[in-house]
Amino acid sequence: MKCGNCGEISEKWQYIRLMDSVALKGGRGSASMVQKCKLCARENSIEILSSTIKSYNAEDNEKFKTIVEFECRGLEPIDFQPQAGFAAEGVESGTVFSDINLQEKDWTDYDEKAQESVGIFEVTHQFVKC
């Protein structure tokens, strides 16, 4: 994350989750993450907009697609490291693969119903300001 006020970039990875909710100072609501900048001391926040979450499907393969939007109030995401908690479904078999870990940006498994290897490869991302 990068501070929108002074440009300070966090030294460590910052993770936000949809189920997290942190109160903002002064009773101004809540956000998925609230962070005080170490350099300028400004309180910044970022909110995952749950209504914008979209699936990435087989027909989206090798294309960038908006899968989530954030309301950024002083924090700007500049990099992304996927972790565990992703899920996939076999296109032809309907087999559900849950708790996929994409930390290595690749994942493979075997679909017993379809009798073939399945996988997610070369996960990439980009952030687009609206």
Side-chain angles (χ1 to χ4, degrees):
M1 298 287 182
K2 177 176 152 183
C3 176
N5 186 52
C6 69
E8 175 73 5
I9 296 173
S10 303
E11 294 174 11
K12 298 178 182 177
W13 285 104
Q14 307 294 310
Y15 297 101
I16 59 176
R17 300 179 316 160
L18 183 60
M19 68 275 294
D20 292 341
S21 182
V22 181
L24 296 169
K25 272 188 180 177
R28 302 173 305 169
S30 63
S32 301
M33 172 190 274
V34 177
Q35 181 178 350
K36 188 173 184 177
C37 179
K38 290 182 180 181
L39 189 62
C40 71
R42 181 176 171 178
E43 183 179 273
N44 300 310
S45 64
I46 187 168
E47 175 73 14
I48 299 170
L49 301 176
S50 61
S51 64
T52 68
I53 296 173
K54 306 281 188 277
S55 296
Y56 189 89
N57 302 309
E59 57 269 7
D60 302 318
N61 191 30
E62 297 188 16
K63 295 184 234 171
F64 280 107
K65 175 184 177 181
T66 300
I67 59 170
V68 67
E69 294 178 18
F70 304 98
E71 182 178 329
C72 302
R73 293 175 237 133
L75 278 180
E76 178 184 340
I78 57 171
D79 203 358
F80 173 67
Q81 172 63 56
Q83 296 290 312
F86 289 89
E89 182 178 327
V91 175
E92 295 172 14
S93 69
T95 301
V96 175
F97 301 90
S98 58
D99 201 25
I100 295 172
N101 187 329
L102 293 174
Q103 188 169 6
E104 301 297 323
K105 301 203 171 51
D106 289 322
W107 164 83
T108 58
D109 206 328
Y110 188 78
D111 187 334
E112 295 287 341
K113 289 181 188 174
Q115 296 184 346
E116 62 185 11
S117 295
V118 293
I120 299 171
F121 305 100
E122 300 178 21
V123 174
T124 58
H125 70 278
Q126 66 181 12
F127 293 105
V128 178
K129 290 184 182 183
C130 298

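Quick caveat: nothing in here was measured; it's all calculated off a predicted structure.
Here the CD atom belonging to Q115 is positioned 5.0 Å from the OH atom belonging to Y110, to the nearest 0.5 angstrom. The OG atom of S55 sits 9.5 Å away from the CD1 atom of I67 when rounded to the nearest 0.5 Å. Rounding to the nearest 0.5 Å gives a distance of 14.0 Å between CZ of R42 and CD of E8. Between the CD1 atom in I9 and the CE atom in M1 there is a gap of 12.0 Å [rounded to 0.5 Å]. How far CD of Q103 is from CD of Q83: 4.5 Å, rounded to the nearest 0.5 Å. The distance from the CD1 atom of I120 to the NZ atom of K105 is 13.5 Å, given to the nearest 0.5 Å.
Taking 4.5 Å as the limit, every side-chain heavy atom of K113 sits out of range of all side-chain heavy atoms of E92. Residues W13 and D79 form a side-chain contact, since some pair of their non-hydrogen atoms from C-beta on lies under 4.5 Å apart. Counting heavy atoms from C-beta outward, S45 and Q35 have side chains that stay 4.5 Å or more apart. Looking at heavy atoms from C-beta onward, C37 lies in side-chain contact with N44 at the 4.5 angstrom threshold. Residues L18 and I53 meet the side-chain proximity criterion, which asks for heavy atoms closer than 4.5 Å. Residues I16 and I48 form a side-chain contact, since some pair of their non-hydrogen atoms from C-beta on lies under 4.5 Å apart. Here the side chains of C3 and L39 are not in contact, with every heavy-atom distance at 4.5 Å or above.
Between the side chain of D60 and the backbone N or O of N57 there is at least one donor-acceptor pair closer than 3.5 Å. A donor-acceptor pair is defined here as one N or O able to donate and one able to accept, closer than 3.5 Å; such a pair exists between the side chain of E47 and the backbone of S32. A side-chain donor-acceptor contact under 3.5 Å links Q14 to the backbone of K12.
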Steps toward side chain to side chain contact (heavy atoms under 4.5 Å, CB included) verdict (Y15, Q81)
CA-CA 9 Å; Y15 297 101; Q81 172 63 56; 4.0 Å; yes

Is there a ring-ring contact (aromatic ring centres under 6.0 Å, His included) between F86 and W107? Walk through the geometry before answering.
CA-CA 10 Å; F86 289 89; W107 164 83; over 10 Å; no

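Under the 30°/60° scheme for interplanar angles, the aromatic rings of F70 and F127 are found to be tilted.
With a 4.5 Å cut-off between side-chain heavy atoms of Ile, Leu, Val, Met, Phe, Trp and Tyr, the cluster of V22 takes in L24, V34.
Neither F80 nor L49 shares a network with the other; the hydrophobic side chains, linked directly or stepwise wherever heavy atoms of I, L, V, M, F, W or Y lie under 4.5 Å apart, form separate groups for each.
More than 12 heavy atoms of other residues, nucleotides or ligands lie within 6.0 Å of NZ in K65, so this atom counts as buried by the packing criterion. Atom CD of E59 has more than 12 heavy atoms from other residues, nucleotides or ligands within 6.0 Å.
Residues A31 and I46 come closest through the heavy atom pair CB-O, 3.6 Å.
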